[in-house]
Amino acid sequence: MVSLQKSGTGILAVTAVVAVAIAVPLTVNKNSPENSNLNAAIQLLEQTPLIDGHNDWTTSMRYSLNNSVNEYTLDTDMREYYTPSHTDIPRLREGRLGAQFWSCFVVCSAQQKDAVRIGLEQIDVMKRFIKLYPDTFEFVTTADGIEAAFSRKKIGSLIGVEGGHIIDSSLATLRMFYDMGARYLTLTHTCNTPWADASDDGYPHNGLTEFGKSLVLEMNRLGMLVDLAHVSTEVMKQALSVTQAPVIFSHSSVRAICDVQRNVPDDVMKSLAQNGGVMMINFFPNYVNCTDNATLSNVADHFDYVKTLIGADHIGVGADYDGIPRTPEGLEDVSKYPYLFAELMERGWKDEELKKVAGLNLLRVMREVERIAREQSDEGLLPNEEFINPVDVKENPCRSGF
Ligand SMILES: *[C@@H]1O[C@H](CO)[C@@H](O)[C@H](O)[C@H]1NC(C)=O
Ligand SMILES: *[C@@H]1O[C@H](CO)[C@@H](O)[C@H](O)[C@H]1NC(C)=O
Ligand SMILES: *[C@@H]1O[C@H](CO)[C@@H](O)[C@H](O)[C@H]1NC(C)=O
């Protein structure tokens, strides 16, 4: 086991290190022709916020650090303290990350048990590390907030809640997560919930139950992004037909390239384009290449595929750093995002397309989701007071019946 790295010196020393980290550029030989794209990619990401849909750093903090962020210096190279170890402040700066949905993830074994508590603890640790490093991070909940933080050279930090079991089948609990700042809910993780099927867990509901459909509409009313990563194909289709606002896939790749249920099939992508949503592409080698090994070029193939099928308006980046045990060669950690953009430039993508992929698509989706919520509020639509049918949660010994 690694020894503790005590920060001891407090916020002032921390701030000085951040300033140095920001000033250190990605090492690039400006005269070498093969690096001209890399320089252009870095410039592009300095003008347009790169918004990544999914990063599990908070999960690493839980598993590796017991959420004791006070004890560590996150603005130094943290590789020896995490497994996996794709994220720390110096590497986030090197990778020119503009904004991040930090995944507040709850493991499926907590379903019907203490999922709500663990979800709260993960939001707590996220909010605490954001506060500890105010020169790097800014907590945000809106598209305007992301842009304002970016203009101040802060990494806009949003909460994405991963795993529908975190709300214990309660719309009131969903609303309270929204009030805490959560701006997406991934409808399932790898387990079915009592109201939605996961990608690989037997499909007991053949999609969404009526309660699951009510939940999608309640998320529309709140202005919370519906995240269809991890759900079954039927849930993707039914959610797309029920939703009144654009949806996202926070970390999903192309099924036509790698045929796993976690990836998005072509017909769903076409519905996503009509819905106006965005699919943020996952870097996990097993979803990218269907093997334990993948390269940056394999990842770029997924971007090319989606652009050819539905256009650049519906693509984003959802790398899943710290949530995946292996990464592609060339995209090892959060410092590498500019290399992906350089590769796409090499493949003929236009700057306007790459700005959309980096962040403008997600900003468009958020603004539309926010607008629809305002509209429904103006129309006087009230919170949905429906409870799940007790029969659907009868296996839960923790439900008191109160
Ligand atoms: C986390 O907590 C467990 C159980 O209390 C303990 O065994 C472990 O050493 C702790 N790890 C760290 C990194 O603090
Ligand atoms: C996996 O990568 C290899 C090497 O780049 C490539 O030949 C193969 O087509 C890829 N397979 C998939 C499913 O992407
Ligand atoms: C594939 O990845 C595994 C695990 O990361 C590694 O041990 C193996 O050498 C790799 N194989 C190839 C062909 O690169």
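We count residues from 1, following the sequence as given. Treat the numbers as computed from the prediction; the structure is a model and nothing was measured. Both ligands and their constituent atoms are indexed starting at 1 by order of listing.
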Strictly under 6.0 Å, is that where the ring centroids of [X] and [Y] end up?
X: W102; Y: F129; result: yes
X: F105; Y: H189; result: yes
X: Y184; Y: Y178; result: no
X: Y63; Y: Y82; result: no

Q: Go through the side-chain N and O atoms of S36 and N39 and say whether any donor and acceptor fall under 3.5 Å apart.
A: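 No, no side-chain donor-acceptor pair sits under 3.5 Å.
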Q. Should you measure from each heavy atom of I257, which atoms of ligand 2 turn up under 4.0 Å away?
A. 13 (C), 14 (O)
Q | Listed once per pair and sorted, the salt bridge (Lys or Arg N to Asp or Glu O under 4.0 Å) pairs that draw on residues 54-67, sequence neighbours left out | A |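 As it turns out, the salt bridge (Lys or Arg N to Asp or Glu O under 4.0 Å) pairs with a partner in residues 54-67, which skip direct neighbours, are R62-E121.
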Q | Element-labelled atoms of ligand 1 that are located less than 4.0 Å from some non-hydrogen atom of N66 | A | 1 (C), 2 (O), 3 (C), 8 (C), 10 (C), 11 (N), 12 (C), 14 (O)
Q) Can you tell me if Y72 has a non-hydrogen atom under 4.0 Å from ligand 1? A) yes
Q.
Starting from atom 4 (C) of ligand 2, what is the nearest protein heavy atom, named by residue and atom, and what distance separates them?
A. N298 ND2, 4.2 Å
Q) Does the protein put a heavy atom less than 4.0 Å from atom 9 (O) of ligand 2? A) no
Q: For atom 1 (C) of ligand 2, state which one of V260, N289, T295 supplies the nearest heavy atom.
A: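 Nearest option to atom 1 (C) of ligand 2, by heavy atoms: N289.
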Q: State if V288 counts as touching ligand 2 under the rule of any non-hydrogen atom under 4.0 Å.
A: yes
Q) Any idea which part of S64 is under 4.0 Å from ligand 1, heavy-atom wise: side chain, backbone, both or neither? A)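 Looking at S64 and ligand 1, just backbone atoms fall under 4.0 Å.
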